Amino acid sequence: MSEKIDPALPKVELHLHFEGAAPPAFIRGLAKEKNLDISKIFTEDGGYAYRDFWHFLEVYEAATSTLQTPEDFHRLCLAVLEDRARDGVVYAETFLSPDFCGGGDVSAWREYLHAIEEAAAIGQRDFGITLKGIVTAIRHFGPEKSRPAAICAVETKGDFLTGFGIAGDEKMHHPKDFTWAFDCAREAGLRLTAHAGEWGGAKSVRDALDYLKPERIGHGVQAIDDLALVDRLAEDRVVLEVCPGSNVFLGVYPSFPAHPVDKLREREVIVTLSTDDPPFFRTTLVQEYEALAKAFSWTEADFRAINADAARAAFCDAATKDRILQIIEGRA
Ligand code: HPA
Ligand code: ZN
């Protein structure tokens, strides 16, 4: 019997796509308000409908087409934080794309970001959740679009916007095509993360590390196929943002027990736990913890240790980190 994990256990979630966290009912509501017909992206039971990862990216973009104004993103932020509160999340970081918020234009992006930050302040007050933003370039939109995305990030870096990264179709382009954007963000003092090793294999993780030099990797789980790389991750203290339910739902691994997260931990890689795009993968962070406890006999102490690692790896100031660590370690 696995230990029952208290759903209220305080959690840190570092890998969450903002639009990907949109409840389907929220997106359906926006579509109705704007007279947009996106009915084909929903199943009969009201969830998101897609066949595989690549179709998921298309459906994601169709859902995102309903988000058209800063006010829409403000409302989305409140909905996303309400869901995080239900999961016991006390600190979250979310991926934001200037491509979806003003098309890479800095002044338009500022307005979207301002609306999101205002909602984040409400979330802090009402739910006690601290939210930070990470600008992400979208790999399949191409290297050219990554440059204005990086410039948007650099121009708005601050207390809320603290990181830069890349998501999207890992099989498109090469990390070296995005060095300009990553160098630009790094020089401005932004913290860096890159999606790799979800679909592109261990080599994709190596290339991301070599060319983009991020301190965290989104997913990174396919590194398990190259044990020298696993050792490098452990020695260099590169943090993995692992989203097991996402990987299982999309078929990267057939089940939770077959997922490499436990082996990676055993080999002393720093792993953190997140949901990625929870309504798309029909998961919550509470469900992830339950499935992991069952698959690997992880206890509440394991989850507390993982959350403390996540707090230490957070892209935030030292005072925030200390405050979150105190909550996780039961000292606050
Ligand atoms: N993987 C890669 N790119 C993404 C994802 C994901 O799960 N969600 C949104 N963009
Ligand atoms: Zn992701």
Side-chain angles (χ1 to χ4, degrees), residues 12-21 73 77 91-110 112-114 116-117 120 130-170 172-198 200 204-205 207-220 236 238-241 243 272 274 276 310 313-317 320-321:
V12 171
E13 180 159 43
L14 300 180
H15 189 117
L16 184 72
H17 297 265
F18 197 53
E19 302 84 8
F73 277 84
C77 189
Y91 176 92
E93 292 177 5
T94 192
F95 299 127
L96 303 168
S97 303
D99 298 273
F100 298 138
C101 301
D105 175 76
V106 177
S107 54
W109 161 248
R110 264 187 216 290
Y112 281 86
L113 191 62
H114 182 69
I116 296 166
E117 273 195 74
T130 304
L131 182 71
K132 304 283 178 192
I134 300 172
V135 161
T136 41
I138 298 174
R139 192 150 159 173
H140 55 274
F141 289 179
E144 286 313 313
K145 291 238 164 91
S146 72
R147 294 170 187 239
I151 291 166
C152 284
V154 167
E155 291 292 324
T156 54
K157 174 187 168 241
D159 179 56
F160 176 76
L161 201 285
T162 58
F164 182 76
I166 187 164
D169 185 354
E170 198 184 330
M172 297 274 283
H173 307 285
H174 188 277
K176 66 171 177 270
D177 301 328
F178 299 94
T179 51
W180 189 94
F182 272 72
D183 289 348
C184 172
R186 184 184 308 100
E187 278 163 28
L190 285 156
R191 313 279 299 271
L192 303 177
T193 176
H195 277 63
E198 178 188 16
S204 164
V205 177
D207 288 345
L209 291 174
D210 290 343
Y211 290 96
L212 306 178
K213 304 179 183 67
E215 56 188 291
R216 299 194 328 223
I217 293 278
H219 299 284
D236 293 351
V238 176
V239 173
L240 300 189
E241 303 155 5
C243 309
T272 63
S274 298
D276 213 5
F315 292 171
C316 66
D317 55 283
T320 303
K321 205 168 280 204

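All values derive from a computational prediction rather than experimental measurement.
- Between L14 and I134 the shortest side-chain heavy-atom distance does not fall below 4.5 Å.
- A 4.5 Å side-chain heavy-atom check between D276 and E198 finds at least one atom pair inside the cut-off.
- What you find for S97 and T136 is that their closest heavy atoms are OG-OG1, 3.2 Å.
- No donor-acceptor pair under 3.5 Å is formed between the side chain of S146 and the backbone N or O of A137.
- In this structure the side chain of W180 reaches within 4.5 angstrom of the side chain of C184, judged on heavy atoms.
- S204 pairs by the side chain to side chain contact (heavy atoms under 4.5 Å, CB included) definition with E170, A196, not counting sequence neighbours.
- One N or O on the side chain of T272 and one on the backbone of L240 form a donor-acceptor pair closer than 3.5 Å.
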Do any side-chain atoms of residues 99-109 form donor-acceptor pairs under 3.5 angstrom with protein atoms, and if so which ones, sequence neighbours left out?
unit_1: D105; atom_1: OD2; unit_2: S107; atom_2: N; d: 3.4
unit_1: D105; atom_1: OD2; unit_2: S107; atom_2: OG; d: 3.0
unit_1: D105; atom_1: OD2; unit_2: A108; atom_2: N; d: 2.9
unit_1: W109; atom_1: NE1; unit_2: C152; atom_2: O; d: 3.3
unit_1: W109; atom_1: NE1; unit_2: T156; atom_2: OG1; d: 3.0

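- Every ring pair (Phe, Tyr, Trp, His ring centres under 6.0 Å) that F95 has, sequence neighbours left out, goes to H15, H17, H195.
- Taking every heavy atom of both residues into account, F73 and I116 meet most closely at CB-CG1, 3.8 Å.
- Across G197 and V205, no two heavy atoms sit closer than the pair CA-CG2, 3.5 Å.
- Taking the salt bridge (Lys or Arg N to Asp or Glu O under 4.0 Å) definition, one finds that E93 meets it with R216, sequence neighbours left out.
- Going from atom NZ of K321 over to atom OG1 of T130 covers 13.0 Å, rounded to the nearest 0.5 Å.
- For the salt bridge (charged side-chain N to carboxylate O under 4.0 Å, His left out) condition, no pair includes a residue of residues 136-148, sequence neighbours left out.
- D169 pairs by the salt bridge (Lys or Arg N to Asp or Glu O under 4.0 Å) definition with nothing, not counting sequence neighbours.
- Contacts of A185 classified as side chain to side chain contact (heavy atoms under 4.5 Å, CB included), with partners at least two apart in sequence or in another chain: F164, L190, L192.
- Residues in residues 174-183 take part in these salt bridge (charged side-chain N to carboxylate O under 4.0 Å, His left out) pairs, two or more places apart or across chains: D183-R186.
- Contact detail for F182 and A194: the closest heavy-atom pair is CZ-CB, 4.2 Å.
- Taking 4.5 Å as the limit, some side-chain heavy atom of F315 sits within range of a side-chain heavy atom of T193.
- With sequence neighbours excluded, no residue forms a side chain to side chain donor-acceptor pair (under 3.5 Å) with S274.
- Taking each heavy atom of F178 and P143 in turn, the nearest pair found is CE2-CA, 3.5 Å.
- A208 approaches P175 most closely through the heavy-atom pair N-CG, 3.9 Å.
- Shown here are the ring pair (Phe, Tyr, Trp, His ring centres under 6.0 Å) partners of H174, two or more places apart in sequence or in another chain: Y211.
- K132 is linked by a salt bridge (Lys or Arg N to Asp or Glu O under 4.0 Å) to D159, counting only residues two or more places apart in sequence or in another chain.
- Residues that satisfy the ring pair (Phe, Tyr, Trp, His ring centres under 6.0 Å) test with Y91, not counting sequence neighbours, are absent from this structure.
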